[in-house]
Amino acid sequence: MKVLVIGSGGREHAIVLGLLKSPKVTELWCAPGNGGISAVAHTAPINVMDKEGMVAFAKEKGIEFAVVAPDDPLAAGMADAMEEAGIPAFGPSAKAAQIEASKVFSKNLMKKYGIPTAAYETFEDEDAAIAYLKAQNSYPAVIKADGLALGKGVIIAANEAEAVEAVHEMMSEGKFGDSGRRVVIEEFLTGPEVSVLSFTDGKTVVPMISSKDHKRANDNDEGLNTGGMGTIAPNPFYTPEVAAECMEKIFLPTIDAMNKEGRTFKGCLYFGLMITPKGPKVIEYNCRFGDPETQVVLPLLKSDLLEIMMAVQAGRLSEVPVEFSDETAACVVMASGGYPVKYQSGYEITGLDEKGQAEGVTVYHAGTKLVDGKFVTAGGRVLGVTATGKTLDEALSRAYAGVEKIHFTDVHYRHDIGRTK
Ligand code: AMP
Ligand code: GLY
């Protein structure tokens, strides 16, 4: 089969390498892809938001199955556009992608269907939001922009001054553009965080192996929130008891709720959970594979990824095996110094072979370009270096041994992946 993956990060590289293991894949395209992806698949420079261009390209190449990986194109209807053109696609419709694209929508959904989440209020008016903060007088306060904001639309305000400033920046100064015109203010929860990616066709939901993302930029969970600086799988806090409770109270009710709302979700539904003293609660939903969660989850998948994705699209997920190995995986992200704020690109990356790989690890390229046969940095997160092992210690020491072989100017990575809560 001729398959097209839409997207350009480490997650897409992991999906590409996962699909290449399938004997059914005869030709693999990734648009736009990146330097590392171009070493293993065909790439084409098409913007992920260009629905017409992407569909025309897919038709021209005779693509038989498309995988839409990032949130923005999903929310804009890229999967719908492919399907309308007769190309089966993995990924939710724009209507179902609202579960990530609007926090107001997802919070109201959880309230309506009794799915455990932090208590909250939504606001369209800045004065009302500030009056609410003052009346609650409870800190830290959690303030979230309604729409997509590259993982940066959540502010944990330590006091009233910070909270008022955050609301003002979002609602009046357009810090996140339209995404911040409405805000959610919610209760601050505590406990370990768990990411659970799941396959669902709207009837069956199959959780993948659990994972843990390290979101803060610096060691000891200090610094700014990022897209993710490293991951491990499985997540040690996700016990079988917690998993059973999540299935009963969160996963199945969410699938049902989306069906009842006429927004059947098909694709990868990502549950961002917090294991609070009062049980697991939903922090957020994502309508797609997580990045860098995918870089530890898919290497542990033993079953055929294309077969699963096709079953999800066709509504027959219950008929295919979805099995994971009992090993552990760890991914350390190598970022450009200054990420997630300001950083330089274009530095040569050394220590990689001609396929962009290094010994003992799988190197997922996030922000790289191939220039005159050399890999150069081309983004905030540059590489995700993943290793597997029988134990977490083994996976971590192999991943860090890989990281030490790879160099570029101003590289920044965390030294404590897998070590903090
Ligand atoms: P989100 O983008 O919604 O996943 O939020 C980003 C990060 O903010 C999460 O991974 C949590 O660490 C933190 N966070 C979000 N909501 C809450 C909450 N209600 N209580 C405590 N921390 C939160
Ligand atoms: N790593 C978090 C996310 O993909 O949203």
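In each ligand, atom 1 is the first atom listed, and ligand 1 is the first ligand listed. Worth knowing before you read on, the calculation uses all heavy atoms, side chains too, and leaves out hydrogens, waters and symmetry mates.
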Which of the ligand 1 atoms, numbered from 1, are nearer than 4.0 Å to a heavy atom of Lys103: 2 (O), 3 (O)

Mark yes when over 12 heavy atoms from residues, nucleotides or ligands other than Arg216 sit less than 6.0 Å from its CZ; otherwise mark no. yes

Mind checking whether Tyr270 has a heavy atom under 4.0 Å from ligand 2? yes

Could you check whether the rings of Trp29 and Phe57 sit parallel, tilted or perpendicular, using 30° and 60° as the cut-offs? perpendicular

Nearest-contact summary for atom 5 (O) of ligand 2 - protein heavy atom, Å: Arg288 NH2, 2.9 Å

Step by step, work out the salt bridge (charged side-chain N to carboxylate O under 4.0 Å, His left out) result for Asp393 and Arg419. CA-CA 10 Å; Asp393 280 347; Arg419 300 292 179 211; 3.0 Å; yes

A student comparing Ile155, Thr117, Leu189 should find that the heavy atom closest to atom 20 (N) of ligand 1 comes from Leu189

Which residue supplies the protein heavy atom nearest to atom 8 (O) of ligand 1, what is that atom called, and how far is it? Val154 CG1, 3.7 Å

Need the ligand 1 atom indices (1-based, order shown) with element for anything under 4.0 Å from a heavy-atom of Glu186. 16 (N), 17 (C), 18 (C), 19 (N)

Between the side chains of Glu162 and Tyr139, is a donor N or O closer than 3.5 angstrom to an acceptor N or O? no

So does Lys369 have more than 12 non-hydrogen atoms from other groups sitting under 6.0 Å from NZ? no

Could you establish whether Gly228 and ligand 2 come within less than 4.0 Å of each other, counting only heavy atoms on the residue side? no

Here the atoms of ligand 1 under 4.0 Å from any heavy atom belonging to Lys144 are 3 (O), 15 (C), 16 (N)

Would you tell me whether Thr264 and Asn259 have side-chain atoms, one donor and one acceptor, within less than 3.5 Å of each other? yes

If we number the atoms of ligand 1 from 1 as shown, the ones under 4.0 Å from a heavy atom of Val142 are 16 (N), 17 (C), 18 (C), 19 (N), 20 (N)

For ligand 2, find out whether one of its N or O atoms is nearer than 3.5 Å to an N or O atom of Lys215. no

For Ile156, the ligand 1 atoms whose distance to one of its heavy atoms is below 4.0 Å: 13 (C), 14 (N), 22 (N), 23 (C)

If you count the atoms of ligand 1 from 1 in the order shown, which ones are under 4.0 Å from a heavy atom of Lys215? 4 (O), 10 (O)

Write out the residue and atom name of the closest protein heavy atom to atom 17 (C) of ligand 1, then the distance separating them to 0.1 Å. Ile283 CD1, 3.7 Å

Classify the contact between Glu293 and ligand 2 as side chain, backbone, both or neither, using a heavy-atom distance cut-off of under 4.0 Å. side chain

For ligand 2, which atoms have a heavy atom of Asp213 less than 4.0 angstrom away? 1 (N), 2 (C)

Tell me whether the rings of Tyr400 and Tyr413 are parallel (<30°), tilted (30 to 60°) or perpendicular (>60°). tilted

Judging by distance only, is a nitrogen or oxygen of Asn225 under 3.5 angstrom from one on ligand 1? no

Would you mind running through ligand 2 and noting each atom that sits below 4.0 Å from a heavy atom of Gly227? 1 (N), 2 (C)

So, regarding Asn286 and ligand 2 (criterion: nitrogen or oxygen to nitrogen or oxygen, under 3.5 Å), is there a contact or not? yes

Go through Asp221 and Arg414 one step at a time and tell me if the salt bridge (charged side-chain N to carboxylate O under 4.0 Å, His left out) criterion holds. CA-CA 9 Å; Asp221 290 329; Arg414 280 184 59 166; 3.0 Å; yes

One finds that the ligand 2 atoms under 4.0 Å from a non-hydrogen atom of Gly290 are 4 (O)

Check whether Asn34 reaches the backbone of Gly36 with its side chain - one donor and one acceptor, N or O, closer than 3.5 Å. yes

Can you figure out which of Arg216, Glu284, Lys281, Glu193 has its heavy atom closest to atom 4 (O) of ligand 1? Glu284

Kindly check if the number of other-residue, nucleotide or ligand heavy atoms within 6.0 Å of NZ (Lys134) is above 12? no

Ring-plane angle category for Phe199 and Phe289, please: parallel below 30°, perpendicular beyond 60°, tilted otherwise. perpendicular

If the threshold is 4.0 Å, N to carboxylate O, is there a salt bridge linking Glu284 and Lys144? no

